[in-house]
2 protein chains.
Amino acid sequence: MLLDAARQLMLEEGYAAVTSRRVAAKARLKPQLVYYYFRTMDDLFLALLRQNVDHYLEHQRQVLESPQVLQKLWEFHTTETRLVVELTALANHRPAVRAEIAANAERFRSMQAEVLSRVIAAHGIDSKGCPPMALVVLITALSRILAMERDLGVTTGHAETLALVERYTAEFERSASTERVKVASHR
Amino acid sequence: MLLDAARQLMLEEGYAAVTSRRVAAKARLKPQLVYYYFRTMDDLFLALLRQNVDHYLEHQRQVLESPQVLQKLWEFHTTETRLVVELTALANHRPAVRAEIAANAERFRSMQAEVLSRVIAAHGIDSKGCPPMALVVLITALSRILAMERDLGVTTGHAETLALVERYTAEFERSASTERVKVASHR
DNA sequence: GTCTATACTTCGATAGAC
DNA sequence: GTCTATCGAAGTATAGAC
């Protein structure tokens with residue numbers, strides 16, 4: 001209940017609003033319980049982070065199994081960007097948070113690159129001189145920034161960029177699914 | 001002096017550290033002067049934002065005049081990303097800040113796209129089916145995310161992505177400079 | 001585990017003298 | 001413009017009873 005409250009506060013009012021008093025009030029509990037369960041606010045932030053990582057891991061597992069990997073991966077990075085921004089800002093001045101975020105970011109990226117690499121190799125997809133690892137970074141960067149800007153109310157150039165991305169994605173998925181059918185019919 | 005102190009605090013310790021007391025202390029002034037000059041903390045954040053916009057405008061003017069526009073544009077988005085992250089987080093729960101950031105972001109992007117559009121047309125550059133506006137978004141997104149991740153200590157996939165970007169950029173600048181010489185020799 | 005009580009610090013903001 | 005003085009609210013965190 002406390003972590004849910006903390007998460008909601010961070011989303012709605014930013015990391016600065018995540019205080020023992022406000023978190024407790026949102027969960028209809030006494031502020032002292034925050035210290036009983038987490039000892040310090042730093043520990044609460046770490047617990048919140050780890051809960052999120054577990055949730056994302058499960059989500060990513062489904063994404064990487066989908067036949068439309070690129071499409072799903074795009075959507076994956078487009079959700080909860082507000083939380084990501086807050087956590088990134090928090091990481092800039094809470095060393096424990098930074099270490100936790102960095103370690104997991106590397107982990108998630110490696111897993112994504114590995115799956116894309118397998119898909120590209122298995123279906124002989126023409127990735128146009130773009131190695132799987134770069135493709136992952138490209139998708140992450142574009143989807144994240146577009147989502148962040150959309151949250152802010154900035155949309156200039158989004159239509160043109162989305163058109164470009166969709167063209168590439170469609171071609172990629174078409175190759176993947178065509179090969180997939182071929183492989184299947186050979187069974 | 002107060003704005004400089006505020007800026008520095010935001011960079012080093014995040015927006016939550018930008019309080020009247022701490023800003024004043026850093027500037028060796030009394031906290032009450034913050035309220036004398038800015039009335040509220042919200043006004044201080046807006047003043048800080050506008051000072052930054054002016055500074056960026058001047059910087060961008062130089063960037064857009066450079067013969068290596070793409071290269072300079074990349075570096076332009078790579079500076080002060082920590083501040084950008086803090087301001088974005090701040091914008092998520094300070095409506096006045098959000099409006100100011102959004103309006104200026106659109107403005108900056110339009111200016112960049114216009115210049116790239118002119119360069120591409122003037123030198124007959126092959127932008128590979130990527131409209132100038134999408135090219136601007138691509139550069140912004142990639143450079144920003146790479147810089148943000150580098151600040152966090154995340155570097156997986158950066159080498160592969162940079163190689164890709166540098167290849168494209170080099171080809172772009174080569175076309176631009178070749179044509180530029182041709183045009184110059186016709187004078 | 002949850003409560004009351006509390007210590008101490010810091011916050012945004014204002015009043016009024018000089 | 002800058003100072004002293006001050007308000008009330010909110011911050012992190014602890015002690016100790018139940």
Side-chain angles (χ1 to χ4, degrees), chain A residues 1-52 83 85-101, chain B residues 1-52 83 85-101:
Chain A
M1 273 153 54
L2 287 170
L3 286 179
D4 277 356
R7 182 194 162 75
Q8 214 173 321
L9 267 173
M10 195 177 256
L11 263 167
E12 292 165 0
E13 306 188 49
Y15 69 76
V18 182
T19 68
S20 53
R21 277 172 152 90
R22 298 206 57 188
V23 166
K26 190 147 211 142
R28 293 166 185 277
L29 295 171
K30 305 278 177 176
Q32 295 86 335
L33 287 182
V34 172
Y35 298 103
Y36 175 75
Y37 284 108
F38 301 103
R39 220 186 63 84
T40 66
M41 289 306 289
D42 225 281
D43 289 339
L44 181 143
F45 283 124
L46 282 181
L48 177 61
L49 207 54
R50 284 182 188 133
Q51 198 194 45
N52 260 274
L83 198 66
V85 171
E86 291 294 334
L87 288 173
T88 306
L90 194 64
N92 275 336
H93 54 98
R94 291 229 187 204
V97 173
R98 169 160 56 226
E100 188 75 14
I101 289 187
Chain B
M1 273 151 54
L2 287 170
L3 286 179
D4 276 356
R7 183 193 160 76
Q8 215 174 320
L9 267 172
M10 195 176 257
L11 263 168
E12 293 166 359
E13 308 189 48
Y15 69 76
V18 181
T19 68
S20 54
R21 283 172 153 87
R22 299 204 57 186
V23 167
K26 190 147 211 143
R28 296 165 183 277
L29 295 171
K30 304 277 176 180
Q32 295 88 334
L33 289 181
V34 172
Y35 298 104
Y36 175 74
Y37 285 108
F38 301 104
R39 220 184 65 81
T40 67
M41 289 306 289
D42 224 281
D43 289 339
L44 181 142
F45 282 123
L46 283 180
L48 177 62
L49 207 55
R50 284 182 188 132
Q51 199 195 42
N52 260 275
L83 198 67
V85 170
E86 290 296 332
L87 288 173
T88 306
L90 193 65
N92 276 337
H93 53 99
R94 292 230 187 203
V97 173
R98 170 161 54 228
E100 188 75 13
I101 288 187

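Keep in mind that this is a model prediction, so the values were computed, not measured. Lettering follows sequence order; numbering is per chain, from 1.
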Whole-Å gap separating [atom2] ([N]) and [atom1] ([X]):
| X | N | atom1 | atom2 | value |
| --- | --- | --- | --- | --- |
| Asp42(B) | dG12(C) | CG | P | 12 Å |
| Phe45(A) | dT12(D) | CZ | C1' | 12 Å |
| Gln32(A) | dA17(D) | CD | C1' | 13 Å |
| Leu33(B) | dC18(C) | CG | P | 18 Å |
| Met41(A) | dA10(D) | CE | P | 16 Å |
| Leu29(A) | dT4(C) | CG | C1' | 16 Å |
| Arg28(A) | dT2(C) | CZ | P | 16 Å |
| Leu44(A) | dG11(D) | CG | C1' | 14 Å |

Per [X] side chain, nearest of listed nucleotides [options]:
| X | options | result |
| --- | --- | --- |
| Thr19(A) | dT12(D), dA13(C), dT4(C) | dT12(D) |
| Tyr37(B) | dT2(D), dA15(C), dA13(D) | dT2(D) |
| Tyr36(A) | dG1(C), dC3(C), dG11(D) | dG1(C) |
| Arg21(A) | dG11(D), dA15(D), dC11(C) | dG11(D) |
| Tyr35(B) | dC3(D), dA13(C), dC11(C) | dA13(C) |
| Lys30(A) | dG11(D), dC3(C), dA15(C) | dC3(C) |

Please find the pair of heavy atoms, one from [X] and one from [Y], that lie closest to each other, and give the distance.
| X | Y | value |
| --- | --- | --- |
| Phe38(B) | Asp43(B) | O-CB, 2.9 Å |
| Ser20(B) | Tyr35(B) | OG-OH, 2.9 Å |
| Tyr15(A) | Tyr15(B) | CE2-CE2, 3.1 Å |

With a non-hydrogen cut-off below 4.0 angstrom, is Ser20(A) in contact with a base, only sugar-phosphate, or nothing?
base

Among Met10(B), Glu86(B), Glu12(B), which residue satisfies the side-chain contact (heavy atoms from CB on, under 4.5 Å) criterion with His93(A)?
Glu86(B)

Residue pair Asn52(B), Arg7(B): steps toward the side-chain contact (heavy atoms from CB on, under 4.5 Å) verdict:
CA-CA 9 Å; Asn52(B) 260 275; Arg7(B) 183 193 160 76; 3.0 Å; yes

